[in-house]
Amino acid sequence: GAGVSQSPRYKVAKRGQDVALRCDPISGHVSLFWYQQALGQGPEFLTYFQNEAQLDKSGLPSDRFFAERPEGSVSTLKIQRTQQEDSAVYLCASSLGDRFDTEAFFGQGTRLTVV
Amino acid sequence: GQNIDQPTEMTATEGAIVQINCTYQTSGFNGLFWYQQHAGEAPTFLSYNVLDGLEEKGRFSSFLSRSKGYSYLLLKELQMKDSASYLCAVRPSGGYQKVTFGTGTKLQVIP
């Protein structure tokens, strides 16, 4: 596609519900990053994929967070048993090369609200 | 680890010049990004500095001093559409060079 696409744009979940957030990166992009952005804050790193390999998941806040990219293209971020503190915008970025570089592009994000 | 510091908010007048500062501490440094983010939208790339000095790109310029751990973004001839958050992000050396973002500076341009 023309850019990084994320869906849904908005998600309201009841506390305790599981959610799945999707990221469609730019075709052919090797690297994919997930960031969490709380209101009024900068993006916080969650996890990094190089093709289908998850090379860094050090930013995932708890074992309720899980990400996958099984075929090296589309990625899904899953949050189990959502909590109010999970409310944030979840941004996905993809990059052509094997790192976050000047050709990295962000999607518009999924705004998750846990009620 | 990395520590990045930016002012939280700034206000400037349409047509004026504004400088947004960013200081950082990192165990290894490769380069520094500036991103613009309008409310509810994706961050968009503005600049990437690797070497010391000023890089100019139209109305926007970015400066880096590696020895001082300091950068600034300079916006000239401010326009109302420049009202946005400006994010400073550091790319360290080593590994795959995980990029870390600052908290962002929210700039409000007033008439």
Side-chain angles (χ1 to χ4, degrees), chain A residues 1-7 9-10 23-26 29-51 53-60 88-113, chain B residues 1-10 20 22-24 26 28-51 55 57 60 62 64 73 84-108:
Chain A
V4 179
S5 177
Q6 292 187 245
S7 61
R9 283 294 313 277
Y10 304 92
C23 173
D24 272 279
I26 294 173
H29 274 199
V30 167
S31 296
L32 187 145
F33 304 83
W34 283 98
Y35 283 84
Q36 180 191 58
Q37 188 172 27
L39 190 64
Q41 301 296 310
E44 295 265 357
F45 172 82
L46 292 178
T47 187
Y48 163 58
F49 290 87
Q50 190 176 109
N51 296 308
Q54 188 175 22
L55 299 189
D56 187 349
K57 53 182 181 179
S58 63
L60 296 177
V89 174
Y90 290 85
L91 293 167
C92 174
S94 72
S95 184
L96 183 61
D98 62 356
R99 63 201 63 193
F100 192 106
D101 57 28
T102 57
E103 297 299 317
F105 295 92
F106 280 92
Q108 288 197 292
T110 294
R111 181 178 295 277
L112 173 65
T113 304
Chain B
Q2 288 151 47
N3 187 35
I4 301 170
D5 195 32
Q6 308 178 232
T8 304
E9 293 182 348
M10 298 183 72
I20 303 174
C22 171
T23 58
Y24 63 89
T26 179
F29 180 83
N30 191 301
L32 188 143
F33 294 87
W34 283 98
Y35 275 79
Q36 180 191 60
Q37 186 178 27
H38 285 99
E41 297 185 12
T44 55
F45 173 79
L46 291 177
S47 65
Y48 181 62
N49 292 66
V50 177
L51 302 176
E55 291 198 9
K57 203 184 286 187
F60 291 14
S62 56
L64 176 67
L73 182 69
S85 285
Y86 291 86
L87 302 165
C88 167
V90 171
R91 187 164 116 181
S93 55
Y96 70 90
Q97 302 168 5
K98 181 172 78 177
V99 171
T100 300
F101 284 81
T103 55
T105 299
K106 187 175 180 180
L107 173 67
Q108 183 181 15

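Because only heavy atoms are used, hydrogens play no part in the values below, and waters and symmetry mates are left out as well, while side chains stay in. A note on names: the letters A, B, ... follow the listed sequences, proteins ahead of strands, and every chain is numbered from 1.
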TODO: With a 4.5 Å cut-off on heavy-atom pairs, point out which of B/P43, B/G102, B/A39 contacts chain A the most.
DONE: B/P43
TODO: Examine whether an atom of A/Q50 lies under 4.5 Å from a heavy atom of chain B, and if so say whether it belongs to the side chain, the backbone or both; otherwise answer neither.
DONE: neither
Task: Spatial distance of atom CZ (B/F33) from atom CG (A/D101) [nearest 0.5 Å] - done: 6.5 Å
Open item on the list: Please classify the contact between B/Q37 and chain A as side chain, backbone, both or neither, with a heavy-atom cut-off of under 4.5 Å.
Closed with: side chain
TODO: Keeping the roles fixed (side chain from B/R91, backbone from A/F100), state whether a donor-acceptor pair exists under 3.5 Å.
DONE: yes
TODO: List the atom of A/R9, the atom of B/G40, and the distance in Å for their closest heavy-atom pair.
DONE: NH2-O, 3.6 Å
TODO: Tell me, for A/F33 versus chain B, whether the close heavy atoms (under 4.5 Å) come from the side chain, the backbone, both or neither.
DONE: side chain
Task: Beyond-backbone contact of A/F106 with B/Y35, side-chain heavy atoms, under 4.5 angstrom - done: yes
Task: Side chain proximity check, A/F45 to B/F101, heavy atoms < 4.5 angstrom - done: no
TODO: Drop me the distance from B/T8's OG1 to A/Q41's CD, to the nearest 0.5 angstrom.
DONE: 8.5 Å
Task: Minimal non-hydrogen separation, B/A42 against A/G107, with atom names - done: CB-O, 3.0 Å
Open item on the list: Give me the atom names and distance for the closest heavy-atom approach of B/L87 to A/P43.
Closed with: CD1-CD, 3.9 Å
Task: Atom CD of A/E44 with >12 non-hydrogen neighbours under 6.0 angstrom - done: no
Task: Heavy-atom contact with chain B under 4.5 Å, split by part of A/S58 - done: side chain
